[in-house]
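Note that these values count all heavy atoms, side chains included, but never hydrogens, waters or copies made by symmetry. Note on naming: letters A, B, ... go to the chains in the order of the sequence lines (proteins, then strands), and numbering restarts at 1 for each one.
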Number of protein chains: 2
Amino acid sequence: MNIQGFLSHLPLFQGLPDEELKALSEIAVDRPVKAGEMIFSDGDRAAGLNIVSAGRVKIFKLSPNGKEQILHIMGPGEPFAEVPVFQGGNYPANAQAIETGRVLFIPRDELLKIIRKNPALALDMLAVLSKRLREFAATIENLSLRGVPERLSAYLLHLSDLAGGAGEFELDIKKGLIANLLGTTGESLSRVLGKMTQSGMIRVGGKKITILDREALADVAAAKQALD
Amino acid sequence: MNIQGFLSHLPLFQGLPDEELKALSEIAVDRPVKAGEMIFSDGDRAAGLNIVSAGRVKIFKLSPNGKEQILHIMGPGEPFAEVPVFQGGNYPANAQAIETGRVLFIPRDELLKIIRKNPALALDMLAVLSKRLREFAATIENLSLRGVPERLSAYLLHLSDLAGGAGEFELDIKKGLIANLLGTTGESLSRVLGKMTQSGMIRVGGKKITILDREALADVAAAKQALD
DNA sequence: CCGTTTTTTTGATCCGGATCAAAGAATTCC
DNA sequence: GGAATTCTTTGATCCGGATCAAAAAAACGG
């Protein structure tokens, strides 16, 4: 498919003149990635902006002993690794495809050139980074100040919201990944889901989650009510 | 003192034409804050950018039961609360003066207007936000993947670096605050400092820290060596 | 400078959640 | 569609670090 067409639909590039889009699309490279393939590693020298064009990508940190903390899971249309574009230096985390897909790459210099000429694009990028900062602040708050039950119930409520407030929805990724995203382990996640089921807040059937008592779940998320 | 002069020395506003600086300084408000005074609270509607002009300010999150996680400690010349400038909405955390000082405030609309006209300023802001994202990513990594001894030794080595690599330096803030910045408690911090002293890595005299075995401390920071 | 308040240290205990191990489900892939 | 791999659950145990309590040390204010 056509790169320029793809770029023109991204929120990030709204309002960018066609000629700039064309310039971008001519230097952009859209490469296929296989599920499990590393896209870059923490500390690698960074040369530009990446955008998921198909599939999904996880951005994560690893501990010396192999524990993983996922920072983001990016889907089609989402840019990642913006930081080194504006700061130079190297990638601050690892990126790996969790599904077979494609990743588009735009070299740093070209992008900066176009940003310098288009203040609107600069403001869009500022908004993107601001959004990431808010998400990171929430993650820090979760890790430091909240327990696993709080984080998980908030996550489930969030998924429900994404599904239009539906009482029934599918987990978007496998449970082990959710655990690493929430800063816990698969085992703990499984146990907490079990407790939520026992206390009648949810029903779990494989990847399908049914919220039975949204009120109670919200109370757990807000630490107003303990599980168990 | 003169606001325009102050602004003109900030890295953020380097290269901004005098006329723009003048415009900014005319709408900026520099107000005194007392030690312990709240500057804004999490969730407050945000109306502009803040910059510490004297003293120090802590940016932090609170848990329902009062535990505090410090996100940043900002000193003179450092901007804070940039996020809502580009995203709108409300402040994502609390800000409180930890020393008597002054805080300068620039209304959002004016700042945006000037950024739109000055791409260089936009790129500077992008670099500032990128730096914050790197710091947050490091904080998430610390909280999720590293223990208190790792975080504390890295923090001490960092302070030593700031002091030009000196083997002896002063803690810049009181120990309870360091604990909250590292995501732990005063008690735990005290115990870890005790162990580091026992094993001969450092000497502690009130706020004065002497690094006796930098090598060992670096190994603890990298989780290559356990304490105890 | 002395009494008061705030910080820091030390000790004892407790708890959430990680880890280890193994069984049970669900996917994947010829 | 059946064997193999990968995920998830469940059970038992362990450990880092929080919490509670109280003493000791510093910092502060009059």
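- For B:Glu170 and B:Lys207, the salt-bridge test fails: no basic side-chain N is under 4.0 Å from an acidic carboxylate O.
- Summarising the geometry, the separation between CG on B:Leu182 and P on D:dG16 is reported as 18 Å, rounded to the nearest angstrom.
- A donor-acceptor pair under 3.5 Å links the side-chain atoms of B:Ser53 to the main chain of B:Arg102, judged by distance alone.
- Taking the ring centroids of B:His72 and B:Phe136, they lie under the 6.0 Å cut-off.
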Derivation of the side-chain contact (heavy atoms from CB on, under 4.5 Å) call for A:Met201 and A:Leu156: CA-CA 11 Å; A:Met201 298 178 185; A:Leu156 293 180; over 6 Å; no

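- C:dG16 atom P lies 8 Å from atom NZ of A:Lys195, rounded to whole Å.
- If you take CG of B:Leu152 and C1' of C:dT8, they are 15 Å apart, rounded to a whole angstrom.
- As a whole-Å value, the separation of A:Leu193 CG from D:dC7 P is 17 Å.
- What separates CG of A:Leu145 from C1' of D:dG17 is a distance of 15 Å, to the nearest Å.
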side-chain contact (heavy atoms from CB on, under 4.5 Å) between A:Arg31 and A:Phe105, worked out: CA-CA 8 Å; A:Arg31 75 178 173 97; A:Phe105 177 84; over 6 Å; no

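- Test A:Asn180, A:Ile173, A:Leu177 against A:Lys58 for side chain to side chain contact (heavy atoms under 4.5 Å, CB included) and you get one pass: A:Leu177.
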Per-nucleotide protein contact string for nucleotides 18-30 of chain C, where B marks a base within reach and S marks sugar-phosphate only (heavy atoms under 4.0 Å, - for neither): SBB----------

Kindly determine whether A:Ser160 and A:Arg214 satisfy side-chain hydrogen bond (donor to acceptor under 3.5 Å, both in side chains), including the steps that lead there. CA-CA 10 Å; A:Ser160 166; A:Arg214 180 171 238 106; 2.3 Å; yes

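- For DNA chain D, the neighbouring residues in residues 170-181 of chain A, judged by any heavy atom under 4.0 Å, are A:Lys174, A:Lys175, A:Gly176.
- The distance between atom CG of A:Asp228 and atom P of C:dG17, rounded to the nearest whole Å, is 12 Å.
- Summarising the geometry, the separation between CG on A:Asn142 and C1' on C:dG17 is reported as 16 Å, rounded to the nearest angstrom.
- Looking only at distances, a side-chain donor or acceptor of A:Ser199 sits under 3.5 Å from a matching main-chain atom of A:Lys195.
- Put simply, the side chain of B:Thr139 gets close to the backbone of B:Glu135: a donor and an acceptor are under 3.5 Å apart.
- In this entry the distance linking CE of B:Met196 with P of C:dT8 reads 17 Å, nearest Å.
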